[in-house]
Number of protein chains: 2
Amino acid sequence: MTSTLGFAILAVLAKGARTGYDLTAAMSRPLGYFWTARHSQIHTDLQKLLADGLVRFEAEHGPGPQGKKVYHLTPEGRVALREWVTEPARARPERDELVLKTYASWLADPAEVAELFRDQLALHEERIAEYERQQAGFQTVPATGEPAFGSYATLWCGLSYERHRAAWCRWMIEQLGAGA
Amino acid sequence: MTSTLGFAILAVLAKGARTGYDLTAAMSRPLGYFWTARHSQIHTDLQKLLADGLVRFEAEHGPGPQGKKVYHLTPEGRVALREWVTEPARARPERDELVLKTYASWLADPAEVAELFRDQLALHEERIAEYERQQAGFQTVPATGEPAFGSYATLWCGLSYERHRAAWCRWMIEQLGAGA
DNA sequence: CCGCTCTATGTCAGTTCTGACATAGAGCGA
DNA sequence: TCGCTCTATGTCAGAACTGACATAGAGCGG
């Protein structure tokens, strides 16, 4: 009964032991172009994974009232994760606020909507530059069995997504300008 | 304090009066490549919108124990929707199960992962064909002030998204085949 | 040594959403 | 007329998630 966030946590831990804090950082971006979560949710789910025996932790001395807990996968956790990977996934994200706004954009002033899309375009262009820098950091495409393959493949997807999105923003700005 | 789903409902109602059932159909796909919801959630939110005076309904005779309720926007609802449209949106969907699976795919058998992506690719190709048919139904690009502009613009985005996604699937299949 | 930021843990109320359950008329075909 | 599907409404328990609150050591600069 592990939630999807639970598997996200397992997926990050599969690359190495981490604290809840590290997991939060990994999943709030910049590396997390796939799933995000706040630390409150991560802590909740870590407790569940712990109860299910999919992760364990070593207590270390550290800051805060409770010290530091370095979590790692158990063999059971690794098996559960591997089995989940090849189960069919929900095809596409079901919620996209900008697309929803676009759907209702005929109601608003085109100039204001264009402004919204110019802001979005700038964000996408920033991300494209950042992802291209990250991609350049890989000398070659990692082999499919290496942990780096997962990072490279999601980066490829993220970059492709940002380019598609940027192209859409440009098209929208053009349409909104032409109609004015 | 209207939720995003509330605005999704307003956006659909802005094109014409509908029952909760119709709204559910519109938002479960095929037209809803932007936001989805189950009818239970839609009914909950309709009650909220009603309490806030953003929608009203006319009771009609119809099936079921409560008859039929045809909802329509109030002027206040229209204003609320128009104001919301140009407020900045969350840039990108934060959750994508397939990308998460990809991130962990180095753990699994490449042949099985390739299978997963072949299934996904088939879905995307189906949708591309469907969206292209829908796009062909528009003789010209609607003007920005017409309700159809919203539909056309989201369709453009959906089509572009499906193409990006299909390209990614093909790249993944190629990688997974080469590594075997 | 004071204050700041970063690391690090955790709780909790309230919101959003899902999946299952429940009810029942309308229209159609066998 | 029986049963099926479609239309149409609603409730509710529980899962998932957010945002705010709470605590406190570690390391740094002034």
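Proteins get letters first, then strands, A, B, ... in listed order; numbering begins at 1 in each.
- Contact check, H61(A) against dA8(C): no side-chain N or O comes under 4.0 Å of OP1 or OP2.
- Following chains of ILVMFWY side-chain contacts shorter than 4.5 Å, one can reach F57(A) starting from L49(A), so the two form part of one hydrophobic cluster.
- The side chain of K68(A) places no N or O atom within less than 4.0 Å of a non-bridging phosphate oxygen (OP1 or OP2) of dA26(D).
- Distances were taken from every side-chain heavy atom of Y21(B) (C-beta onward) to each of dA8(C), dC17(D), dT7(D); the shortest belongs to dT7(D).
- Summarising the base pairing, dA20(D) is matched to dT11(C) through a Watson-Crick or G-U wobble pair whose two defining distances lie under 3.5 Å.
- Judged by closest nucleotide on DNA chain C, G20(A) is the one of S3(B) and G20(A) placed further toward the 5' end.
- Remark: D96(A) engages R165(A) in a salt bridge, criterion side-chain N to carboxylate O under 4.0 Å.
- In this structure, the CZ atom of R18(A) is 14 Å from the P atom of dT7(C), given to the nearest Å.
- In this model, no donor atom of one side chain and acceptor atom of the other lie less than 3.5 Å apart for S3(B) and K48(B).
- A salt bridge links E132(A) with R163(A): at least one charged nitrogen is closer than 4.0 Å to a carboxylate oxygen.
- DNA chain D is contacted by both Q66(A) and T2(A); T2(A) maps to the nucleotide lying nearer its 5′ end (nearest heavy atom per residue).
- No continuous path of ILVMFWY side-chain contacts below 4.5 Å connects Y21(B) to L50(B), so the two sit in separate hydrophobic clusters.
- Straight-line distance from the CD atom of E60(B) to the C1' atom of dA26(C): 15 Å, rounded to whole Å.
- Residues V141(B) and L176(A) are members of one and the same hydrophobic cluster, defined by side-chain heavy-atom contacts under 4.5 angstrom among Ile, Leu, Val, Met, Phe, Trp and Tyr.
- Atom CZ of F57(A) and atom C1' of dG10(C) are 13 Å apart (whole Å).
- In this entry the distance linking CG of L49(B) with P of dT16(C) reads 11 Å, nearest Å.
- Remark: P of dA15(D) and CG of D52(A) are 13 Å apart, rounded to the nearest angstrom.
- Taking atom NZ on K69(B) and atom P on dT23(C), their separation rounds to 18 Å, with Å as the unit.
- Note on ring orientation: taking the six-membered ring where Trp is involved, the planes of W168(A) and F117(A) are perpendicular (angle over 60°, cut-offs 30° and 60°).
- For K48(A), a side-chain nitrogen or oxygen approaches OP1 or OP2 of dA16(D) to under 4.0 Å.
- At dA16(D), none of the side-chain N or O atoms of R95(B) fall inside 4.0 Å of OP1 or OP2 (strictly under the cut-off).
- DNA chain D is contacted by R38(A), S40(A), Q41(A) of residues 38-47 of chain A, taking any non-hydrogen atom closer than 4.0 Å.
- The CG-P distance, from L5(A) to dC17(C), rounds to 17 Å in whole Å.
- In this structure, CH2 of W35(A) is placed 15 Å from C1' of dT18(D), rounded to the nearest angstrom.
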